[in-house]
Visitor: 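I am attaching a structure below and will ask some questions about it afterwards.
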Amino acid sequence: QQGATVRGRAEIVAEFFSYGINSILYQRGIYPPETFTRVQKYGLTLLVTTDPELKNYLNNVVEQMKEWLYKCTVQRLVVVISSIENGEVLERWQFDIECDKAAKDDSAPREKSQKAIQDEIRSVIRQITATVTFLPLLETACAFDLLIYTDKDLAVPEKWEESGPQFIANSEEVRLRSFTTTIHKVNSSVAYKKDSFP
Amino acid sequence: PNAPPARWQRKAKESGAPGPSPAAGMSPMKPANRSHSSSKTPSRTPGKSGSKIQSTPTKAGGDRYIPNRSTMQMDMANFLLTKENDPAEESPTKKEQQKAWAVNLNGFDIEEAKILRLSGKPQNAPEGYQNNLKVLYSQKMTPGSSRKNGRYIPSMPDRILDAPEIRNDYYLNLIDWSSQNFLAVALDNSVYLWNHTSGEIIQLLQMEHPDDYVSSVSWIKEGNYLAVGTSNAEVQLWDIQQQKRLRNMTSHSSRVGSLSWNSYILSSGARTGHIHHHDVRVAEHHVATLAGHTQEVCGLKWSLDGRYLASGGNDNLVNIWPCTQGDSGDFSPVQTFTQHQGAVKAVAWCPWQSNVLATGGGTSDRHIRIWNVCSGSCLSAVDAHSQVCSILWSTNYKEFISGHGFAQNQLVVWKYPTMAKVTELRGHTARVLNLTMSPDGVTVASAAADETLRLWRCFEMDPIKKKEKEKANSAKSSIIHQGIR
């Protein structure tokens with residue numbers, strides 16, 4: 001069970017990213033729907049990938065995120081969706097993380113119940129699902145990329161590399177709800193290429 | 001600021017449109033004089049009504065549903081309440097706020113951060129994989145079953161009636177057909193009754209305030225009373241013979257979009273997510289509150305044996321409620337289904353198999369699911385490729401029919417339990433909003449955003465089979481007769 005400790009809260013946030021990224025990949029049709037399976041989480045039915053390579057990649061990112069969240073050295077996670085053909089960025093899901101660096105003490109419990117956090121997470125996940133009703137269609141085959149914004153002085157772990165921000169040239173943005181574990185506050189938003197709308 | 005424009009303003013905007021004239025000369029539900037192939041008045045764009053999101057005008061302190069939020073979130077909140085409806089001309093983002101957001105989003109100094117990615121990118125989706133979301137946008141017809149089922153179902157509606165001013169709001173339930181063969185239709189702030197036998201049309205009621213509208217209608221089983229839910233949170237009860245209002249039951253705090261009868265209990269679902277049971281025989285009508293949804297209850301149906309109430313909400317949940325309270329005195333659902341990824345308005349109980357329920361999801365879901373509510377298992381799921389607004393089971397065949405939105409605005413008849421498509425009924429030029437069935441089970445009426453009601457004779461009984469059925473029914477009653485003696 002995830003406790004009310006800093007480590008516990010970091011796990012909750014990392015878990016949210018895992019399910020959130022899976023939801024985006026399913027809802028936006030980046031991978032075929034039959035490669036996803038249904039699981040119960042946050043009182044919702046969520047879709048997660050069964051593709052072993054993809055699972056592995058996501059797990060590696062999420063595990064690293066847990067560490068960085070615990071140490072409060074991560075500022076933002078971005079899911080970039082771009083066209084495979086010409087590399088143009090079509091959609092950009094941005095999750096800003098505000099970390100309470102003062103809360104480093106492992107044993108100090110925080111006042112918010114896990115259920116309350118879960119309720120907030122559930123709202124954000126539902127919003128991600130609902131966005132398909134207004135986001136423009138991704139006409140071409142797309143690939144996704146995960147960018148993590150960390151503190152400048154962080155040592156780059158093995159297997160990770162530095163990258164550019166991969167912004168969208170001409171975008172519309174929609175802000176989604178935020179949730180907080182009292183140690184981390186996650187603000188979500190999605191930006192999409194403006195011209196895509198007929 | 002979000003209130004829909006007054007009727008005279010809308011009419012002024014849509015000037016030069018032939019067809020039903022405004023209020024004074026309005027003749028709703030008159031058979032539309034048109035050839036079947038052409039669409040309605042050319043100057044109107046079917047589907048996009050041009051009017052703003054039709055939201056409930058907020059009263060200070062009167063509408064509990066909208067919580068206190070920073071203005072940044074209001075767009076998203078409004079969007080979520082209405083995600084099944086077309087976005088208004090003002091998209092979810094507003095120009096002025098966009099700038100502020102852009103600053104906010106990229107607010108912190110990017111110089112201060114390092115951007116990392118994990119190397120060894122996962123492989124992309126296989127070649128030739130086509131994003132299946134295309135079905136949400138394409139005009140192409142999805143390939144249907146070409147197998148003939150042996151029965152002729154006319155592809156044209158029997159009748160097309162005008163339904164001017166019908167509200168294009170996915171969440172409402174605006175039509176119902178009584179056992180006495182009266183079709184009730186809510187057109188904005190009025191309710192009309194169409195006598196299917198005689199063809200006569202009566203205006204039953206019109207709301208006092210021009211900004212108020214009717215949000216749901218439902219006939220009692222006997223067909224002599226009509227329940228009417230309104231945008232100002234009322235549940236009204238009307239006597240049809242006298243054309244008089246018997247009761248006005250106010251217990252909700254937001255619009256009542258769904259209603260369902262179980263004998264003398266009338267259940268109502270509201271925008272807050274609450275369901276109320278009303279005992280219409282007594283003065284203190286509000287006898288129970290069911291709290292199982294966090295957003296608008298748009299689907300509500302009692303099972304035919306009165307044992308369960310199924311509810312579907314804009315929170316994508318389906319709840320199955322028992323008819324009696326638990327030991328604690330509270331009602332809690334015996335099942336909650338979370339599999340739909342969109343609002344659930346289509347809710348229908350199978351007439352020949354008890355405990356079997358069909359549900360349909362909105363735009364982000366597009367699936368039809370069949371459930372056994374006792375075991376909680378999903379017996380079947382099929383992708384309908386389009387927003388599902390309503391499902392009705394046939395009483396004449398082992399089939400059910402579903403109503404859909406973009407892109408084809410069609411009705412689909414499905415075989416059960418094989419889930420094969422029997423036929424698709426096309427004709428509506430804008431999304432279907434509601435379905436209802438005639439008392440003889442032969443005709444299905446569909447109301448759509450193209451401001452028409454179409455009647456489809458899709459469950460016509462073979463005359464020989466019909467005689468057999470009638471014989472079987474009368475045999476039953478004579479047995480009962482003998483028993484009584």
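Lettering of chains follows the sequences in order, A, B, ..., and the numbering in each one begins at 1.
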Visitor: Please enumerate all residues that pass ring pair (Phe, Tyr, Trp, His ring centres under 6.0 Å) together with B:Phe337, with sequence neighbours excluded.
Guide: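 Applying ring pair (Phe, Tyr, Trp, His ring centres under 6.0 Å) to B:Phe337 gives B:Trp371.
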Visitor: If I measure from the heavy atoms of chain B, does A:Gln40 come under 4.5 Å with its side chain, its backbone, both, or neither?
Guide: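 A:Gln40 touches chain B through side-chain heavy atoms alone.
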Visitor: Identify the two heavy atoms, one from B:Ser364 and one from A:Ala130, that lie closest to each other, and give their separation to 0.1 Å.
Guide: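 Smallest interatomic distance, heavy atoms only, reads OG-CA, 4.0 Å.
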Visitor: Donor-acceptor pair, B:Gln341 side chain versus A:Gln27 backbone, under 3.5 Å?
Guide: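 No, because the side chain of B:Gln341 does not come within donor-acceptor range (under 3.5 Å) of the backbone of A:Gln27.
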Visitor: Charged N to carboxylate O under 4.0 angstrom, B:Asp315 versus A:Arg126?
Guide: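 No, this pair does not count.
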Visitor: Taking B:Ser119 for its side chain and A:Lys159 for its backbone only, find out whether a donor-acceptor pair lies under 3.5 Å.
Guide: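 Here the side-chain-to-backbone pair exists.
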Visitor: Contact part of A:Leu44 toward chain B, heavy-atom cut-off under 4.5 Å: side chain, backbone, both or neither?
Guide: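 Contact with chain B involves the backbone of A:Leu44 alone.
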Visitor: Can you measure from NE2 (B:His340) to OG1 (A:Thr129) and round to the nearest 0.5 angstrom?
Guide: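 Here the interatomic distance stands at 13.5 Å.
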Visitor: Would you say B:Lys114's side chain and A:Tyr149's backbone share a donor-acceptor pair under 3.5 angstrom?
Guide: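 It does not hold such a pair.
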Visitor: State, with a plain yes or no, whether a side-chain heavy atom of A:Glu162 is found less than 4.5 Å away from one of B:Arg117.
Guide: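 No, too far: nothing below the 4.5 Å cut-off.
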Visitor: Do you know the tightest heavy-atom contact between B:Gln339 and A:Arg38?
Guide: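 Taking B:Gln339 first and A:Arg38 second, the nearest heavy atoms are O-NH2, 4.2 Å.
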Visitor: Measuring from B:Leu118:CG to A:Asn59:CG, what's the distance to the nearest 0.5 Å?
Guide: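 These two atoms lie 11.0 Å from each other.
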Visitor: Most heavy-atom pairs under 4.5 angstrom with chain B, which of A:Leu58, A:Leu147, A:Leu146?
Guide: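 Ranked by heavy-atom pairs under 4.5 Å with chain B, first place is A:Leu147.
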Visitor: So which heavy atom on B:Leu116 is nearest to which on A:Trp68, and how close?
Guide: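 Minimum heavy-atom contact is CD1-CH2, 3.8 Å.
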